[in-house]
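These notes are about the structure you will find just below.
Atoms within each ligand, like the ligands themselves, are counted from 1 in listed order. Start at 1 with the first residue, then count along the sequence.
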Amino acid sequence: MSGARSSAALPGAVRVRTSPSLALVKYWGKRPGGRNVPATTSLAVTLAGLDTRTQVRVAAPGEGDSVALGGEAQPPERFAPFFDEARRRLRVGFRFAASSENSFPSAAGLASSSSGFAALALGCAALAGREGNPATGALASELARLGSASAARAVYGGFTLLPAGARRAERLEGPDYWPEFRVVVALATREKKRDSSRGAMELTRTSSPYYAPWVRDARKVSREALAAFRSRDAQKLGELMRLSYLRMHASALAAEPPMLYWLPDSVALIKACAALRARGVGAWETMDAGPQVKVFCLASDLDAVQAALREAAPACELIVTKPGPGPDLEPLPGDEASVVGSETR
Ligand code: PMV
């Protein structure tokens with residue numbers, strides 16, 4: 001495999017913008033085999049307005065692969081399997097250098113790894129000349145999955161599905177499919193979480209007596225949630241979203257050592273959603289591997305939902321979001337690319 005690239009038209013650097021993929025129905029646990037293949041089906045929405053901006057360039061000769069997040073160099077071992085596999089799949093020999101910024105807190109349970117690895121996969125594919133190829137979406141989804149399974153979904157906008165056992169996600173519908181769809185993200189903290197999803201789901205798989213029942217039950221929940229999504233039934237989808245995250249957290253809570261992500265404000269927000277539903281306002285929360293609470297509601301209930309969440313947890317910042325578009329990708333102009341240092345063409 002050669003380190004040189006064949007076409008003079010290929011960019012030396014690209015800029016990619018992606019948004020995180022919020023699972024309405026959760027992926028939690030991997031199939032054995034070490035390839036980041038999900039054990040449960042996830043149904044997700046890409047969130048508008050929360051942005052990851054990543055610049056990926058061909059590394060200079062002699063330079064290794066590197067990733068910086070918010071200006072901080074990231075541990076190379078976290079990214080090595082991804083870059084090695086990316087080179088193999090993209091049939092290139094050069095190394096990649098990436099720098100990334102999030103417009104929202106990183107590693108705090110806001111799915112920053114989904115948008116991060118999606119941007120990286122799209123950027124690497126573009127540098128290898130796979131941009132514009134109709135297969136790129138699928139290829140980038142498969143590559144992104146190697147970094148973080150939720151990232152397989154974030155290479156698409158709108159609503160996505162990552163089936164259990166699948167190597168790539170599918171785009172279900174664009175962002176306009178459900179115009180009333182809103183998500184209020186309540187930030188219970190801006191601090192970084194201690195347990196990565198990766199380690200936590202593996203610990204759940206290997207030590208929780210509730211892991212197998214979780215995986216079994218998730219089949220039914222995801223099937224029913226997909227049907228509710230297909231008929232735009234907010235009430236049904238909302239109820240199934242709640243079952244999904246609560247059962248995921250129940251399996252993690254039963255691990256050894258147990259994993260409890262919730263803070264007092266998370267619980268206050270969960271209870272506020274229950275009180276809203278009791279008075280006929282549709283508000284269905286979900287949580288990931290962190291204390292943040294994300295509330296699905298329809299646009300007509302947004303004011304009531306925000307007011308109740310604010311009252312329940314006044315210190316929590318609220319971010320209102322909706323289904324977002326797919327990623328943007330632009331080659332960097334030749335002079336900018338050469339400033340960041342590109343390999344020989
Ligand atoms: O893809 P990872 O390793 O960041 O794990 C994502 C796990 C959850 O956010 C809890 C659920 C999901 O499907 O996004």
Side-chain angles (χ1 to χ4, degrees), residues 18-31 34-47 50 52 69 74 78-79 81-82 102 104-121 141-156 159-170 172 183 185 192-205 208 211 214-215 218 221-222 225-226 240-253 255 259-262 266 285-294 296:
T18 51
S19 294
S21 167
L22 171 68
L24 308 171
V25 170
K26 305 298 178 189
Y27 141 63
W28 190 252
K30 301 175 202 306
R31 291 259 170 104
R35 308 284 296 175
N36 242 6
V37 172
T40 62
T41 295
S42 50
L43 166 64
V45 59
T46 299
L47 298 177
L50 300 179
T52 294
L69 177 57
Q74 300 298 297
R78 170 74 179 97
F79 295 89
F82 170 84
N102 289 324
F104 56 95
S106 306
L110 287 182
S112 56
S113 66
S114 69
S115 47
F117 274 109
L120 208 50
S141 177
E142 199 163 332
L143 277 184
R145 192 206 81 241
L146 297 166
S148 175
S150 58
R153 306 181 312 234
V155 302
Y156 302 112
F159 298 90
T160 58
L161 188 76
L162 177 60
R167 296 181 168 270
R168 61 175 81 122
E170 307 159 20
L172 284 178
V183 175
V185 178
K192 286 196 188 326
K193 61 190 180 190
R194 277 176 299 127
D195 305 320
S196 73
S197 313
R198 173 176 288 255
M201 66 176 77
E202 192 52 14
L203 190 66
T204 307
R205 186 179 76 80
S208 172
Y211 179 73
W214 146 253
V215 171
V221 171
S222 59
L226 188 56
L240 290 158
M241 279 173 59
R242 296 191 66 247
L243 287 186
S244 177
Y245 96 88
L246 287 164
R247 289 174 183 177
M248 170 201 130
H249 280 262
S251 72
L253 265 172
M259 274 158 301
L260 171 60
Y261 289 104
W262 304 3
S266 320
E285 81 285 358
T286 185
M287 294 178 70
D288 292 286
Q292 328 296 10
V293 179
K294 297 109 183 185
F296 161 48

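- Using the six-membered ring where Trp is involved, His249 and Tyr261 have ring planes that are perpendicular, over 60° apart on the 30 and 60° scheme.
- The shortest N or O to N or O distance between Ser148 and ligand 1 is below 3.5 Å.
- Close approach to Arg153 involves these atoms of ligand 1, each under 4.0 Å from a residue heavy atom: 12 (C), 13 (O), 14 (O).
- Of all atoms in ligand 1, numbered sequentially from 1 with element shown, those under 4.0 Å from a heavy atom of Met248 are 10 (C).
- Checked against a 3.5 angstrom limit, the closest N/O atoms of Trp28 and ligand 1 fall outside it.
- Remark: distances from the non-hydrogen atoms of Ser113 to ligand 1 include one below 4.0 Å.
- Looking only at atom types and distance, the side chain of Thr52 has a donor-acceptor partner in the side chain of Ser115 under 3.5 Å away.
- Heavy-atom contacts of Ala23 reach the following atoms of ligand 1: 12 (C), 13 (O), 14 (O) (cutoff under 4.0 Å).
- Under the 4.5 Å side-chain criterion, counting only non-hydrogen atoms from C-beta, Leu143 is not in contact with Leu120.
- Here the straight-line distance linking atom OG of Ser266 with atom CD of Glu285 works out to 10.5 Å at 0.5 Å rounding.
- Using a distance-only test at 3.5 Å, with no hydrogens or angles considered, a donor-acceptor pair links the side chain of Ser19 to the main chain of Leu47.
- Note: no N/O pair closer than 3.5 Å links Lys26 and ligand 1 by distance alone.
- Residue Ser150 places at least one N or O, backbone or side chain, under 3.5 Å from an N or O of ligand 1.
- Residue contacts with ligand 1: Tyr27 is placed with a nitrogen or oxygen under 3.5 Å of a nitrogen or oxygen of the ligand (distance criterion only).
- Among pairs with a residue in residues 111-121, none fulfils salt bridge (Lys or Arg N to Asp or Glu O under 4.0 Å), at least two apart in sequence or across chains.
- Panel note: side chain Thr40, backbone Trp28; a donor-acceptor pair is recorded below 3.5 Å.
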Side chain to side chain contact (heavy atoms under 4.5 Å, CB included), that's the test. Do Leu43 and Met241 meet it? Break it down for me. CA-CA 9 Å; Leu43 166 64; Met241 279 173 59; over 6 Å; no
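- The shortest N or O to N or O distance between Lys30 and ligand 1 is not below 3.5 Å.
- For the ligand labelled ligand 1, residue Ala149 lies inside the 4.0 Å heavy-atom shell.
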